[in-house]
Enquirer: 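Got a structure for you, written out below as structure tokens; questions coming shortly.
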Amino acid sequence: MRTSALLSLALGTVSVLGGPITSRSTYSVKGSHPVPEGWRQVQRAPADHIMELRIGLTQGDFAGLEKYLTQSSNPNHPQYGKHLLIDDVHNFIKPSKESSDAVHAWLYENGILAEDIDYTPAKDWIKVKMSVADVEDLLDTKYHTYRSDDGRTAVRTPEWSLPRHLHDHVSTIQPTNSFFGPRTQARMDRRKTEAIADMEDIAEYLPPPPDAATVDAVCNTTWVTPLCLRTLYGTVDYTVQAADKNTMAMNDFLGEVSLRSDTELYLQSFRPEALAAAQEFTQISINGGTVQQTPLNETQLEAQTGIEGNLDDQTMIGVAWPTPLVIYSTGGSPPYIPDLTTPENTNEPYLVWLEYVLSLPDPLPSVISTSYDDDEQTVPKDYAIQVCNALAQLGARGTTVMFASGDAGVGTDGNCYTNDGRNASTFLPNFPSTCPYVTSTGGTMSFNPEVPVFRNRTSGLYTGGGGFSYYFDTPDYQKAAVQSYLAKTGVAEKYAGLFRPDGRAYPDLSGQSLNYTIYWNGTLRPVSGTSASTPAVSGILALVNDALIAAGKPTLGFLNPLLYGGLAQAFNDITTGSNYGCGTEGFPAVEGWDAATGVGTPNFKQILALLGVGEKDGNWGSW
Ligand SMILES: *[C@@H]1O[C@H](CO)[C@@H](O)[C@H](O)[C@H]1NC(C)=O
Ligand SMILES: *[C@@H]1O[C@H](CO)[C@@H](O)[C@H](O)[C@H]1NC(C)=O
Ligand SMILES: *[C@@H]1O[C@H](CO)[C@@H](O)[C@H](O)[C@H]1NC(C)=O
Ligand SMILES: *[C@@H]1O[C@H](CO)[C@@H](O)[C@H](O)[C@H]1NC(C)=O
Ligand SMILES: *[C@@H]1O[C@H](CO)[C@@H](O)[C@H](O)[C@H]1NC(C)=O
Ligand SMILES: *[C@@H]1O[C@H](CO)[C@@H](O)[C@H](O)[C@H]1NC(C)=O
């Protein structure tokens, strides 16, 4: 009892001095990250600018979720395929009472009341709208307006602090030091945008009907169509069986749009039986994301807005019709207008999108395709971990999360330096491909055999992204494959100091990614990029899920453990070439998994056969 009395006396004294003891621990730096290349400080941020601060609380049992995911995605584990429901996920990730209390006490002491606060459903993120001046006090920092070389503006600070006693309770706070503006990976010879054919010319190149289909008959390297992809990867004679129980999804960020009028022209030319799908795909606007069906305006035509969005939706429908497609259009990227005192456009688009999709009821789309990526080193590590953990939640709920591996091989020539003050030479891995919970898609070209994509600089240098993370370790599921690759190729010695051989390695798989023919602004265009391979392979995986659902089996969910655990056999191995970049040849493609093309490109029929849902006696399904 005496102890207790003494304690309250002590607390009483402290509170006279200025609040409960917890709030008074000294501040120290919690997050610090250099401003990425291409962004420069313009001026102090206006003190009354309102931003929506997102405080990521340490998740109560992410390790438990991770362990569950490891089991439910491991084909040899009894839990395999037992995807979690939304409430199960929330139980794992909701912060501990201790973390929640500590953070709320601190906010309260800073004048932030309960009614000012919003939460994500699991309460692992706290959202509060505050002026720049108040955030500066709260995080002991100074915000500035920054402008990027390509004209984007953001209010950010490279360094922020927290009272020491909160460091373990808070994982990240944004917007602070993340300048993450995911880049689209579509390459269209950006300055050479002439249409590739007049309408009349199309007939000349249109491939023969499916019953005549061999790869030689329907594939041409200057002219990659859905029929070519479906023939090459073996889905052409598959009939979708579970369109009422399966959906696939894709993301539009950065003002990208997917236009029904162009999709209609595309399907008319390349998959007429799917024509109605152009009017049927679902578009969801998140945080003011652009959902547009009017003609592109001058600004958009100049910026070639819609190339990426059109490529993604046309390819997914072209491959996986009649599986329904959902398109998420998320706003929240710059431009931000410095004198506007609204909270719009300061948010991180990935966090906003993840919050939306993770709060959707079950079942989620079985596959989500994303053709955006950014240099890992430009992304603060705490933020990258939080985004990656959210992507793991999607996997745990049975969604296969697909990302493009990037279009600059091991890094864009001339940019391959660290941003940590050393300016040392390095390869430049791409995030979120480096997150171990996504499936990263690289690029190939040519047929019989397919090789790693390579377009030389005269037409705009383009090679498929691949490499090793500095932030995330090699996950167990790929350790054997990666170690064998390192031993076989000697790249750790050849490129010593340029990458971290014990990092998460990508891509995981790949697909055709050169000279897709899509419609944009009413005319046919050639488009290349891992932006093309990602929706193509995503469409094929949506069809694999269709066969699984029809057979009463669980969907693929987080694919990588299954892929490296045996499904790789059902992929066409790419064994020559490499992914040039950073003035080097990059990583060579060799037998087995490699850091240029992953395990290779999908063979749909072999995948179904290995999963026990292949064709037998003319029927598809379980046998
Ligand atoms: C591929 O298409 C081009 C036209 O873009 C044509 O000139 C060429 O002959 C075709 N190649 C083959 C092998 O059919
Ligand atoms: C891709 O198409 C362009 C024409 O748009 C052609 O010049 C180029 O040779 C093609 N690439 C390959 C590998 O065939
Ligand atoms: C073009 O459309 C975009 C998207 O709706 C809009 O933000 C922009 O202001 C428009 N530009 C012009 C010049 O109309
Ligand atoms: C880093 O080094 C390269 C090569 O010496 C140089 O071109 C570049 O300007 C340097 N960058 C910085 C930020 O110092
Ligand atoms: C790319 O083109 C350059 C000349 O512009 C040539 O020196 C180089 O060998 C070419 N690279 C490959 C891999 O073909
Ligand atoms: C877009 O289409 C319109 C209408 O056909 C045309 O006038 C315009 O030149 C096109 N712009 C581009 C960049 O293709």
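Whatever order the structure lists ligands and atoms in, that order sets their numbers, starting from 1.
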Enquirer: Any heavy atom of Glu298 sitting closer than 4.0 Å to ligand 3?
Expert: no
Enquirer: Does a side chain donor of either Thr172 or Gln386 reach within less than 3.5 Å of an acceptor in the other side chain?
Expert: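 Note: Thr172 and Gln386 side chains miss the donor-acceptor criterion.
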Enquirer: Can you report which non-hydrogen protein atom sits closest to atom 4 (C) of ligand 3, along with the distance?
Expert: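 Heavy-atom neighbour on the protein nearest atom 4 (C) of ligand 3: Gln300 NE2, 3.5 Å.
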Enquirer: Salt bridge check: are Asp407 and Arg455 linked by an N-O gap of less than 4.0 Å?
Expert: no
Enquirer: Counting only heavy atoms not in Gln41 (residues, nucleotides, ligands), do more than 12 fall under 6.0 Å from its CD?
Expert: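 Atom CD in Gln41 is crowded, with more than 12 foreign heavy atoms closer than 6.0 Å.
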Enquirer: Give the residue and atom name of whichever protein heavy atom lies nearest to atom 5 (O) of ligand 3, and the separation in Å to one decimal.
Expert: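 Heavy-atom neighbour on the protein nearest atom 5 (O) of ligand 3: Gln292 OE1, 4.0 Å.
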Enquirer: Which is closest to atom 8 (C) of ligand 3 by heavy-atom distance: Leu301, Thr299, Asn297?
Expert: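 Minimum heavy-atom distance to atom 8 (C) of ligand 3 goes to Asn297.
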Enquirer: Judged by atom type as modelled, is there a donor-acceptor pair below 3.5 Å linking the side chain of Asn515 to the main-chain atoms of Thr221?
Expert: yes
Enquirer: Can you find a protein heavy atom closer to atom 2 (O) of ligand 3 than 4.0 Å?
Expert: yes
Enquirer: Is the Tyr350 to Phe253 ring centre distance short of 6.0 Å?
Expert: yes
Enquirer: Taking the minimum heavy-atom distance to atom 14 (O) of ligand 6, which of Asn521, Thr523, Leu296 ranks first?
Expert: Asn521
